[in-house]
Amino acid sequence: MKTVLAGIDFNAPSHEVARQLIGTVLLVDGVGGRIVETEAYDREDPASHSFSGPTARNAVMFGAPARTYVYRSYGIHWCLNFVCCAPGHGAGVLIRALEPLAGIDVMRARRDAAQADLRLLCAGPGRLSQALGVTRAHNGRPLALPPFTLAPRAEEVELVSGPRIGISKAVELPWRFGLAGSRFLSRPFR
DNA sequence: CTTAGGATCGCCT
DNA sequence: GGCGATCCTAAGC
């Protein structure tokens, strides 16, 4: 059974879903913006949480696609992923940066006032989750239902890709994707 | 501009 | 006991 949302086939491989997500608009309770940076992770991928099989933390990665996988990073930050591929496959896409569009005041209030720079509001998985109010309470929720909305991209986009950030295994795999020329990336592509 | 350290949780060996 | 799919602040050049 096919799982299509925002014009994206979530049964596709994670690197494919990660590419197609660039330019779509993600809102949580009406707050969010355009996705400008993603990273793909897969069961066969040593850098992925799913690589060593199911645990309590990564359980939803081994469930149905088009759901969220939210995990705690460094004991401090929350990071938001979309589960993809066939049910039980153990693949996902990390949402790394948004171009803020809706509820910017709300996002600023959730983030530290010292970091009021619009450019840094959702630039990075931890910042993005904080701005959108995403926590463990959102883990495993279907993307097709409130509080989430995912809207198709309005036009074709130019993509860039490169190595993923902050990992120590499979370092050279070019599974980080971005919107070419965006100033809202967590870091530039080289 | 670059680098270093601390915060702090859950899973791993 | 170690090590992250991170971020912030401070200090050095």
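Numbers restart at 1 for each chain; the letters A, B, ... are given by sequence-line order, proteins then strands. Side chains included, hydrogens not; waters and symmetry mates left out as well; all remaining heavy atoms used.
In this structure, CG of L185(A) is placed 13 Å from P of dC7(C), rounded to the nearest angstrom. One can place CD of E37(A) at 10 Å from P of dT6(C), the figure rounded to the nearest angstrom. Atom CH2 of W78(A) is separated from atom P of dA7(B) by 20 Å (rounded to the nearest Å). Atoms CZ (R187(A)) and C1' (dT6(C)) sit 11 Å apart, rounded to a whole Å. What separates NZ of K169(A) from P of dC3(C) is a distance of 11 Å, to the nearest Å. Per the geometry, CZ belonging to F51(A) stands 19 Å off P belonging to dC11(B), to the nearest Å. Protein atom OH of Y71(A) is 9 Å distant from nucleotide atom C1' of dG4(C), rounded to whole Å. Atom-to-atom, CG of L120(A) to P of dC8(C) comes out at 7 Å; the value is rounded to the nearest Å.
The side-chain contact (heavy atoms from CB on, under 4.5 Å) check on I22(A) picks up I35(A), T38(A), V157(A), L159(A), F177(A), L179(A), with sequence neighbours excluded.
Ring planes of H49(A) and Y69(A): perpendicular class, angle over 60° (limits at 30 and 60°).
Residue-to-nucleotide proximity on DNA chain B shows that, of S52(A) and G75(A), the 5′-proximal contact is made by G75(A).
For the pair R136(A) and W78(A), the cation-pi test (distance below 6.0 Å, angle within 45°) is failed. Stacking of R176(A) on the aromatic ring of F189(A) is recorded, both the 6.0 Å distance cut-off and the 45° axial limit being met.
Listed nucleotides: dA7(B), dA5(C), dT6(C). Nearest to the side chain of I76(A): dA7(B). The side chain of S73(A) sits closest to dT6(C) out of dT6(C), dA7(B), dC7(C). Listed nucleotides dA5(C), dC7(C), dC12(B) differ in distance to T55(A); the shortest reach to its side chain belongs to dC12(B).
Between H49(A) and dA5(C) there is a side-chain N or O to OP1 or OP2 distance below 4.0 Å. Between dC7(C) and R111(A), no contact under 4.0 Å exists linking OP1 or OP2 to a side-chain N or O. Phosphate proximity of dG4(C) to R72(A): absent, as no side-chain N or O sits under 4.0 Å from OP1 or OP2.
Contacts of I167(A) with the nucleic acid, taken as non-hydrogen atoms under 4.0 Å apart, involve only primed sugar atoms and P, OP1 or OP2. Note on R57(A): only backbone sugar-phosphate atoms sit closer than 4.0 angstrom, heavy atoms only; bases stay farther off. Using a 4.0 Å heavy-atom criterion, one finds that S168(A) contacts the sugar-phosphate atoms exclusively.
Contact record, C79(A) with L94(A): CB-CD1, 4.0 Å, taken as the closest heavy-atom pair.
Between E16(A) and D9(A), the closest side-chain pair of non-hydrogen atoms is not below 4.5 Å. Side-chain contact between H77(A) and Q130(A): absent, with no pair of heavy atoms (C-beta onward) separated by less than 4.5 Å.
The stacking criteria are not both satisfied for Y74(A) over the base of dA7(B), which would need a centre-to-centre distance under 5.5 angstrom and an angle between ring planes under 30 degrees.
With P as the reference atom, dA5(C) and dT13(B) are 14 Å apart, rounded to whole Å.
A salt bridge does not link R108(A) with D117(A): none of the charged nitrogens is closer than 4.0 Å to a carboxylate oxygen.
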Annotated structure of DNA chain B as dot-bracket, pair cut-off 3.5 Å, Watson-Crick or G-U only, | for inter-strand, is |||||||.||||.
